[in-house]
Amino acid sequence: MPQIQLLDGKKISFTKSISGFDLTKKISKSLEKSALIMEVDGELKDLSHEINKDSKVRIITSKDKEGLEVIRHDAAHIMAMAVQELFPGTQVTIGPVIENGFYYDFARKEPFTSDDLKKIEKRMSEIIDRDVKTKREVWKRDRAIKHFKKIGEKYKAEIIESIPKNEELSVYHHGDTWHDLCRGPHLSSSSKIGKAFKLTKVSGAYWRGDSKNEMLQRIYGTCWGSNKELEEYLHRLEEAEKRDHRKLGKEMDLFHFREESPGSVFWHEKGWLLFQRLVEYMRAKQRLAGYKEINTPELLDKTLWEKSGHWDKFGEHMFTSETPDEKIFAVKPMNCPGCVQVFNQGLKSYRDLPLKLSEFGKVHRYEPSGALHGLLRVRAFTQDDAHIFCTEDQITQESLSVTNLILEIYKDLGFENVILKYSDRPEKRVGDDSVWDKSEAALLAAIKQSKLEYSINKGEGAFYGPKIEFVLRDAIGRDWQCGTLQVDLNLPNRLGASYVAKDGTKKVPVMLHRALFGSLERFIGILIENYAGKLPFWLSPAQAVVCSIAEENNEYVKKLFEDLFKEGIKCEMDLRNEKINYKVREHSLAKIPFIIVCGKKEVAEKTVTVRKLGSDKQEIMKREDLIKNMLASNKLPLN
């Protein structure tokens, strides 16, 4: 006689076990139609599941995150079903839900084409229209292995052999003929998926992600709760393609990559100007906030990384080198240990705290070749690091200061939509609970003071302390995790850091790890995509180009170029014997904010004709007014 407690607290008693289908029917007709799966005592279940004991139940619809995920999961199964109907002999392997959609890996000799994707989409729609029913069965391991080997699904049999023996094996049937090994849960029938899906691309993928294994074909798809959401997502994809920083980086002549140094940026002159301007801005903001900039070596002895704990926890991601005298050095993957060594030089007093040490430190981390992605995922990058050494009583105020500084900087750079993620103590951790209490309270106070939206990742803090992650939302709605603030109760002690307290005793300082962008390279990629290459004037690596219409205007152009250059404007000249419309198109593609045209009329009237990036209108200005306007726009936003 189970008693069911619903999400709103209401309790319903039944004389016998009840399925999710019957439960939703009992609650309301509208819920019966919209229900997809249910959560029973924290576990997701099919609606066909029988509840036979007192339970807390949440009915899940397409409005819930879990509801959208199960729709995508079913779409993946129906895609695999469609593939095997259209291309007999194709083997299915793994097909999970991912962000914004799903994929399935297939073993097939012939490559899938874009035309094949259209055929598969069409067959998926037909299967959805058939409204094939879903049925779950529990199979014994030996039966499952034997069955999948018999039907030629060797990959599926291999998966089953790797599943722990005490784990239940469930097989889902979609209709009478197609089935797959799956934990579930799933929708009750294919019609529940809807038609808001699209197959997006095909790529190669190694079986189980191992390059030693066979290459499979991965078909990606996206799926949403409504056609409107699908259209919005496809529009975002289209926008993202236009804004791709790799494409814009080439058009703007900023950087490139080479196979000789994978994951490392070859900065061109304009890209390096952008990099340095960003550093200049950051440096000024940090000086105003009381930071002292340092620089530490890129190569450090293995023994230091062993003391810090990085060798054990992070060793596989480190680049190392052995010298002729058999000493092992590592190229630093993080700046923290080096910074502690600077703090350790000379006796420190409580009067010196908080001590804020910043560093634009170049770090190197091994990333698999397949994970590298332009500026967004590299092996060599510059961290805008800072480490704040403080007392336990100073954690709250310093956390607030860091949070406010990060928010100021993001706002200056055009990001006002910021979400915070807070992670508290994990089960395995170091340090006293009393210090954890202070640290967690300090970070929560900083978050609440910011009045920003935040979420809590329970138990996801670092083993040495709690943390905040700062997530930016860009112009087309994408989220980017950038800044971090972490309280470290561990590393200063491991590396022998101490200060003399007010009572004359030696104490270990608390260390706050703080990164504003995380990686300058990655943040530049985000900036380029957010602005679609049309960077703010003060940040633009090429702010203006002065173009002559004819050769007789060249002297006037040269003089204007010199005047702008002397005023600190990053300017270029274009004296080529080309039509002016050609020059304007070329410089517009390079995203130069001001295109200044000088012809016979401008020379005579001591004026210039200006076209601003993104506008078809031209403006005639006095030379001195142009320079005045540019200087006003070129100031660092430090207010």
Asks: Take Phe470 and Cys482 through the test side-chain contact (heavy atoms from CB on, under 4.5 Å) and record every step on the way to the result.
Replies: CA-CA 6 Å; Phe470 295 81; Cys482 292; 5.7 Å; no
Asks: What's the verdict on ring pair (Phe, Tyr, Trp, His ring centres under 6.0 Å) for Tyr233 and Trp224, showing C-alpha distance, side-chain angles and the deciding distance?
Replies: CA-CA 9 Å; Tyr233 174 71; Trp224 298 83; 5.2 Å; yes
Asks: Could you verify whether a donor N or O on one side chain and an acceptor N or O on the other, from Glu359 and Thr296, lie under 3.5 Å apart?
Replies: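 The answer is yes; a qualifying pair exists.
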Asks: With no hydrogens and no angle check, is any side-chain donor or acceptor of Arg379 less than 3.5 Å from a backbone partner on Glu367?
Replies: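 Flag set: sc Arg379 to bb Glu367 pair under 3.5 Å.
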Asks: Please determine whether a side-chain nitrogen of the Lys or Arg among Glu408 and Lys411 lies less than 4.0 Å from a carboxylate oxygen of the Asp or Glu.
Replies: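 Here Glu408 does not pair with Lys411 in a salt bridge, since their nearest N and O are not under 4.0 Å apart.
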Asks: On the six-membered ring of Tyr103, is Arg218 placed so that its NZ or CZ lies under 6.0 angstrom from the centre and within 45° of the ring axis?
Replies: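 Flagged: Arg218 positioned over aromatic ring of Tyr103.
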Asks: Hey, mind stepping through Met282 and Leu516 against side-chain contact (heavy atoms from CB on, under 4.5 Å) and telling me if it holds?
Replies: CA-CA 9 Å; Met282 292 281 294; Leu516 303 173; 3.2 Å; yes
Asks: Here's one to test your reading of the geometry: is the NZ or CZ of Arg514 within 45 degrees of the ring axis of Tyr291 and under 6.0 Å from its centre?
Replies: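 Because its charged atom sits under 6.0 Å from the ring centre and within 45° of the axis, Arg514 does stack over Tyr291.
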Asks: Taking NZ, NE, NH1 and NH2 as the nitrogens, is one of them in Lys270 or Glu572 under 4.0 Å from a carboxylate oxygen of the other?
Replies: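 Yes, Lys270 and Glu572 are salt-bridged.
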Asks: Strictly below 4.0 Å, N to O, side chains only: are Asp474 and Arg478 in salt-bridge contact?
Replies: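 Looking at Arg478 together with Asp474, the answer is yes, because their closest N to O distance falls below 4.0 Å.
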Asks: Hey, what do you get for CZ (Arg365) to CZ (Arg377), rounding to the nearest 0.5 Å?
Replies: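 Reported to 0.5 Å precision, the distance equals 10.5 Å.
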Asks: Could you tell me the separation between the OG atom of Ser264 and the CD atom of Glu521, rounded to the nearest 0.5 Å?
Replies: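 Taking OG in Ser264 and CD in Glu521, the distance rounds to 9.5 Å.
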Asks: Report the relative orientation of the aromatic rings in His310 and Trp305; use parallel for angles under 30°, tilted for 30 to 60°, perpendicular for over 60°.
Replies: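 Correct class here is perpendicular.
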Asks: State plainly whether the residues Asp393 and Lys438 are in salt-bridge range, i.e. N to O under 4.0 Å.
Replies: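 Salt bridge between Asp393 and Lys438, a charged N being under 4.0 Å from a carboxylate O: yes.
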Asks: Should Arg283 and Glu293 count as an ion pair when the cut-off is N to O under 4.0 Å?
Replies: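 Answer for the salt bridge query: yes.
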Asks: Would you call the rings of Phe319 and His364 parallel, tilted or perpendicular, taking 30° and 60° as the class edges?
Replies: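 Ring orientation of Phe319 relative to His364: perpendicular.
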Asks: Could you grab the distance from atom CE of Met630 to atom CE of Met621, nearest 0.5 Å is fine?
Replies: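 If we round to the nearest 0.5 Å, Met630:CE and Met621:CE are 8.0 Å apart.
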Asks: Before giving the answer on side-chain contact (heavy atoms from CB on, under 4.5 Å), spell out for Phe102 and Leu199 the whole-Å C-alpha distance, their side-chain angles and the decisive distance to 0.1 Å.
Replies: CA-CA 9 Å; Phe102 57 89; Leu199 303 185; 4.1 Å; yes
Asks: Indicate whether the side chain of Ser548 and that of Asn554 have a donor and an acceptor atom separated by less than 3.5 Å.
Replies: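 Indeed, the side chains of Ser548 and Asn554 share at least one donor-acceptor pair under 3.5 Å.
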Asks: Have Gln449 and Thr403 got a donor and an acceptor in their side chains that come within less than 3.5 Å?
Replies: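 Judged by distance alone, the side chains do not pair up.
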Asks: Any chance the side chains of Asp385 and Asn335 put a donor and an acceptor closer than 3.5 Å?
Replies: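 Side chains of Asp385 and Asn335: pair found under 3.5 Å.
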Asks: Less than 4.0 Å between a side-chain N and a carboxylate O, is that true for Glu398 and Lys356?
Replies: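 Yes, charged N to carboxylate O under 4.0 Å.
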Asks: Under the criterion side-chain contact (heavy atoms from CB on, under 4.5 Å), I'd like the reasoning laid out for Lys591 against Leu613: C-alpha separation, chi angles, the key distance, then a yes or no.
Replies: CA-CA 7 Å; Lys591 305 293 186 290; Leu613 185 63; 4.0 Å; yes
Asks: Using distance alone, with no hydrogens and no angle criterion, decide if Ser540 and Trp538 have a side-chain donor and acceptor under 3.5 Å apart.
Replies: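 There is no such pair between these side chains.
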Asks: If you measure from the Lys or Arg side-chain nitrogens to the Asp or Glu carboxylate oxygens, is any gap between Lys467 and Glu469 under 4.0 Å?
Replies: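 So Lys467 pairs with Glu469 through a salt bridge.
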Asks: Parallel, tilted or perpendicular: which one describes the rings of Phe275 and Trp272, with boundaries at 30° and 60°?
Replies: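 Because their plane-to-plane angle is under 30°, the rings of Phe275 and Trp272 count as parallel.
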Asks: Rounded to the nearest 0.5 Å, what separates atom CZ in Arg236 from atom CD in Glu239?
Replies: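 Arg236 atom CZ to Glu239 atom CD measures 11.0 Å (nearest 0.5 Å).
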Asks: Does the pair Glu529/Arg246 count as a salt bridge with the N-to-O cut at 4.0 Å?
Replies: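 Judged by the 4.0 Å cut-off on N to carboxylate O distance, Glu529 and Arg246 do not form a salt bridge.
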Asks: Hey, mind stepping through Lys600 and Glu605 against salt bridge (charged side-chain N to carboxylate O under 4.0 Å, His left out) and telling me if it holds?
Replies: CA-CA 9 Å; Lys600 186 177 180 180; Glu605 298 177 357; over 6 Å; no
Asks: Look at Glu562 together with Lys558 and state whether they make a salt bridge at an N to O cut-off of under 4.0 Å.
Replies: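 No salt bridge links Glu562 with Lys558.
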Asks: Going by atom types alone, do Gln543 and Asn634 pair a side-chain donor with an acceptor below 3.5 Å?
Replies: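 The criterion, which ignores hydrogens and geometry beyond distance, is satisfied for Asn634 and Gln543.
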Asks: Give a yes or no on whether a salt bridge exists between Lys285 and Asp412, defined as a side-chain N under 4.0 angstrom from a carboxylate O.
Replies: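 Here Lys285 pairs with Asp412 in a salt bridge, since their nearest N and O are under 4.0 Å apart.
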Asks: Check this for me: does any side-chain nitrogen of one of Glu578 and Arg576 sit under 4.0 Å from a carboxylate oxygen of the other?
Replies: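 No.
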Asks: Going from NZ on Lys622 to CD on Glu602, what distance comes out if it is rounded to the nearest 0.5 angstrom?
Replies: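 The distance works out to 12.0 Å.
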Asks: Output, in order, the C-alpha distance, side-chain angles, deciding distance and verdict of side-chain hydrogen bond (donor to acceptor under 3.5 Å, both in side chains) for Thr609 and Glu619.
Replies: CA-CA 6 Å; Thr609 298; Glu619 185 178 357; over 6 Å; no
